[in-house]
Amino acid sequence: MRSSVFHLLFLLAFMGCSGTTEVYSPHAKDGILDLRDWDRDRFATVALDGDWEFANSVLTPETFTKDGFISVPGAWNSFTKNGKQHEGEGLGTYKLTVLLDKPVKDLAFQIGDVSTAFKLFLNGKLLIENGKVGNSREGMLPSYKHPIVLIDEESKELKLILQISNFYHITGGLRKSIKLGNTLAVFEEKKRQVALGWVVFGATFFMGLYHLILFLMRRVDKSALWFGLFCIDLSIRGFFTGSVFIYEVTPDSFWVYIHKLDILTFVLALPLFSVFLKAVFPDEKFHYYFNNIFISVSFAFFVIVLALPSTEYMNYIRIFQGFVGLSIVYFFIMISLCIFRRREGAILFAIGSLILFLTTLNDILNQSLIIKAEYLASWGLLAFLFSQTVMLSVRFSNAFVRLEELQKSLEQKVTERTKQLAEAKHIAEEANSLKDTFLSLVTHDLRSPITTVIGILHLIRNDYEQLDDESLLEWVDRAEYTSSQSLEMIATLLDLNRLKSGSFPLDNSLIYVYPEVEGVLAKLLPQAEAKKVRILNEIPDDVKLNVDRTLFSEIFINLVSNSIKFCRENDSIRIGFSNEKNDPEFFVEDTGIGMPKDMIPNLFLTEVKSTRLGTKNESGTGLGLPLVYSIIKAYNGKISVESEEKKGSKFTFSIPRV
């Protein structure tokens, strides 16, 4: 159990560290955002945050006259004109002028959370209307979509006008950032956000379903039931936040109902967690009273959300959010008591709950515009899910240990206590049946990837009569190639992740470099012979280095295979060594097609895909060179690239002597 706790703490630390990346964040002043120093190669997107011009009504680009300035992102509720606050419901027009150093092609906007309908104009031209802007509740149509808007003109000055109407939410205006960036980067960021949402949903939803199945198989322990329902509730809620997937795929006319469902998933989470806590620690009798309070209060707010319009029930939801905050304090007190009383699994439960509570608090503060951050409750749920799964596994393990001890004891007394043995045997058989069922479920989960592959083969078999040999072979080749690429990418990503996190142990030993490189070339010989590429290993026989043998070979595997990929027939590759500087220096030089200069800065970045087809249309994952870079950095080494199109490339790296 102690090892599991350490692993969970490491997960939390890694999640925190992974978010510390360099960000370009200029600030708009007096309605002007100066981006003339924006390095678009280094920072693909930039948030248009700062002080925008604001008018307390809906105005056209031609008639816009500001009433003052307003901070973005944020609500317009506190904006004051003639001593009167704007409040949540109403109309407004935002204006921002963006200055660029030169006209730029292929730019796009990523629109964030706008309450609750808007029109976006650029240089006087309407780009998009999200929902329907109107002067009243009846005349508008709310929308929570986060569209990507392409910029179809080139200009050094981008004048944005954003007309917003809101009669459906207690906070209105430009609540979240608008991002400007290269079109590809904006789409990639959106795609990553959606993909992460699906990953979190899949992990939490199916684990919740898994625990519901466990409950159906063994209904004595109801903790699996409530935990499964809690996981499913929060996994569904993940689609209302972050990528707002459900809002994106449903018509705006359903906004009222979708928003109610959004809030209801939040309201349901509190009683589900409380009931789950009661089932996990049934000996804490005082929690029965608090559990009834949580259920009653949540039911009251559930009815309020169903019965009232959004502008009214959102005021009550703020009260409920405060109640949730007090509930979290209570939960921590109760869990602390469980730890003090040494309840089974209390420490794991406390760690997982702490992560979940903190990420939930982050989401509440983010939703209330108190802080500016990403939604994290889904990730908190994953950490909580992990801790609870370990806790339940420990309970199962302890139960099996106790069962084995009981069986041994019964065997010793079999001759004198036949009746007791029969009863104990019956108990043991039931427990073994439960164990077999549990293992069967786990085995089923492990077989899922294989089932997916079999499903592909079934598709081929069903259409077999319509496919000729060439088409059939092509589909099989594609499936095999895709599977190989996926496996290669997963393995590389795992190595990259472990290297970057510092969890990859370096098994250093003194090796002779020449035979290691020869071993690499033997593996790559078929690839080289297929293109008639000649490879020369010019590293002296006596060169020794204290490194990890596997990782060192991985450097040459990626560099040499990369050179083969971009060599033409009868080209050559040289592998050499230099000892002129303090640290030993190696190089891999080829006479292939080279690469454009603008590709070189991104070769070793995992964030930017630098892969391209080889001379015979060979494809790659784009992760080989970042892996090489990470290995060399793990040894505090250096790597550089020289390349000229049509003449070849040269990769040079050094590793300090240890």
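Excluded from the calculations below are hydrogen atoms, water molecules and symmetry mates; all remaining heavy atoms, backbone and side chain alike, are included. We count residues from 1, following the sequence as given.
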**OP:** Just do the ring pair (Phe, Tyr, Trp, His ring centres under 6.0 Å) check on Y316 and F301 with the steps written out, would you?
**Re:** CA-CA 8 Å; Y316 292 103; F301 280 98; 7.1 Å; no
**OP:** Applying side-chain hydrogen bond (donor to acceptor under 3.5 Å, both in side chains) between E248 and each of H146, K190, K145, report the one that passes.
**Re:** K190
**OP:** Report yes or no: does S310 contribute a side-chain atom to a donor-acceptor pair with the main-chain N or O of Y168 at less than 3.5 Å?
**Re:** yes
**OP:** List the atom of F276, the atom of S223, and the distance in Å for their closest heavy-atom pair.
**Re:** CD1-O, 3.4 Å
Original post:
Would S115 and N166 count as having a side-chain donor-acceptor pair, cut-off 3.5 Å?
Top reply: no
**OP:** Would you give the length of the straight line joining atom CG of L264 to atom CG of L268, rounded to the nearest 0.5 angstrom?
**Re:** 6.5 Å
**OP:** Using a 4.5 Å cut-off on heavy atoms from C-beta on, say whether the side chain of V297 contacts that of L270.
**Re:** no
Subject >> Over all atoms of both residues, closest heavy-atom pair of N77 and G172 >> reply: OD1-N, 3.3 Å
Subject >> Heavy-atom closest pair, residues I236 and T265 >> reply: CG2-CG2, 4.5 Å
Subject >> Sole residue of F290, Y330, F230 in ring-ring contact (aromatic ring centres under 6.0 Å, His included) with F273 >> reply: F230
Original post:
Short question: side chain of T80, backbone of S78 - any donor-acceptor pair under 3.5 Å?
Top reply: yes
Original post:
Is the shortest heavy-atom distance from the side chain of I304 to the side chain of F320 under 4.5 Å?
Top reply: no
Original post:
Taking C-beta and beyond as the side chain, do I295 and V275 meet within less than 4.5 Å on heavy atoms?
Top reply: yes
**OP:** Go through D283 and R341 one step at a time and tell me if the side-chain contact (heavy atoms from CB on, under 4.5 Å) criterion holds.
**Re:** CA-CA 10 Å; D283 295 333; R341 294 169 181 173; over 6 Å; no
Subject >> Flag, side chain of D67 to backbone of N56, donor-acceptor distance under 3.5 Å >> reply: yes
Original post:
So, do F240 and F266 have ring centers that fall under 6.0 Å from each other?
Top reply: no
Original post:
Hey, is the main chain of G134 close enough, under 3.5 Å, to the side chain of S165 for a donor-acceptor pair?
Top reply: yes
Original post:
Would you say F332 has more than 12 foreign heavy atoms packed within less than 6.0 Å of its CZ?
Top reply: yes
Subject >> Side-chain heavy atoms of K278 within contact of W226, under 4.5 Å >> reply: no
Original post:
Atom CG in L272, atom CG in L277: separation rounded to 0.5 Å?
Top reply: 12.5 Å
Original post:
Relative to each other, are the rings of F245 and F239 parallel, tilted or perpendicular (30° and 60° limits)?
Top reply: tilted
Subject >> Enclosure of W255 CH2 (heavy-atom neighbours >12, cutoff 6.0 Å) >> reply: yes
Original post:
Under 4.5 Å between any side-chain heavy atoms of L120 and F118, yes or no?
Top reply: yes
Subject >> K176/D113 ion pair, N-O < 4.0 Å >> reply: no
**OP:** Give a yes or no answer on whether the side chain of W52 reaches the backbone of F69 with a donor-acceptor pair at less than 3.5 Å.
**Re:** no
Original post:
Any chance CZ of F286 has more than 12 other-residue heavy atoms, nucleotides or ligands included, within less than 6.0 Å?
Top reply: yes
**OP:** For F167 and L91, work out which heavy atoms get closest and say how close.
**Re:** CE1-CD2, 3.9 Å
Subject >> D51 side, atom CG; I70 side, atom CD1 - distance, nearest 0.5 Å >> reply: 9.5 Å
**OP:** Rounded to the nearest 0.5 Å, what's the gap from CG on L96 to CG on L174? Could you check?
**Re:** 10.0 Å
Subject >> Neighbour count above 12 (heavy atom, 6.0 Å) for N315 CG >> reply: yes
Subject >> Verdict with supporting geometry, M314 and I263, side-chain contact (heavy atoms from CB on, under 4.5 Å) >> reply: CA-CA 9 Å; M314 284 305 296; I263 301 303; 3.9 Å; yes
Original post:
Backbone N or O of Y144 within a donor-acceptor pair of the N130 side chain at under 3.5 Å?
Top reply: no
Original post:
From H211 NE2 over to L216 CG, what is the distance, rounded to the nearest 0.5 angstrom?
Top reply: 13.0 Å
**OP:** Check the pair T116, M140 against side-chain contact (heavy atoms from CB on, under 4.5 Å), reporting the backbone distance first and the verdict last.
**Re:** CA-CA 9 Å; T116 46; M140 71 164 291; 3.3 Å; yes
Subject >> Heavy atoms from other residues, nucleotides or ligands near CD of E87 exceed 12 (cutoff 6.0 Å) >> reply: no
**OP:** Decide side-chain contact (heavy atoms from CB on, under 4.5 Å) for Y289 and I293; before the verdict, give the C-alpha distance in whole Å, the side-chain angles of both, and the deciding distance to 0.1 Å.
**Re:** CA-CA 7 Å; Y289 303 103; I293 293 174; 5.6 Å; no
Original post:
Do you know the tightest heavy-atom contact between I339 and A350?
Top reply: CD1-CB, 3.6 Å
Subject >> Heavy-atom pair of closest approach, residues V114 and I164 >> reply: CG1-CD1, 3.6 Å
Original post:
Any side-chain heavy-atom pair from S177 and V72 closer than 4.5 angstrom?
Top reply: no
**OP:** Applying salt bridge (charged side-chain N to carboxylate O under 4.0 Å, His left out), name anything that partners K260, two or more places apart in sequence or on another chain.
**Re:** none
**OP:** For H287 and S274, indicate whether the former's side chain and the latter's backbone hold a donor-acceptor pair under 3.5 Å.
**Re:** yes
Original post:
Do N291 and Y288 have side-chain heavy atoms sitting under 4.5 Å apart?
Top reply: no
Original post:
Q110 versus T45: any side-chain heavy-atom pair under 4.5 Å?
Top reply: no
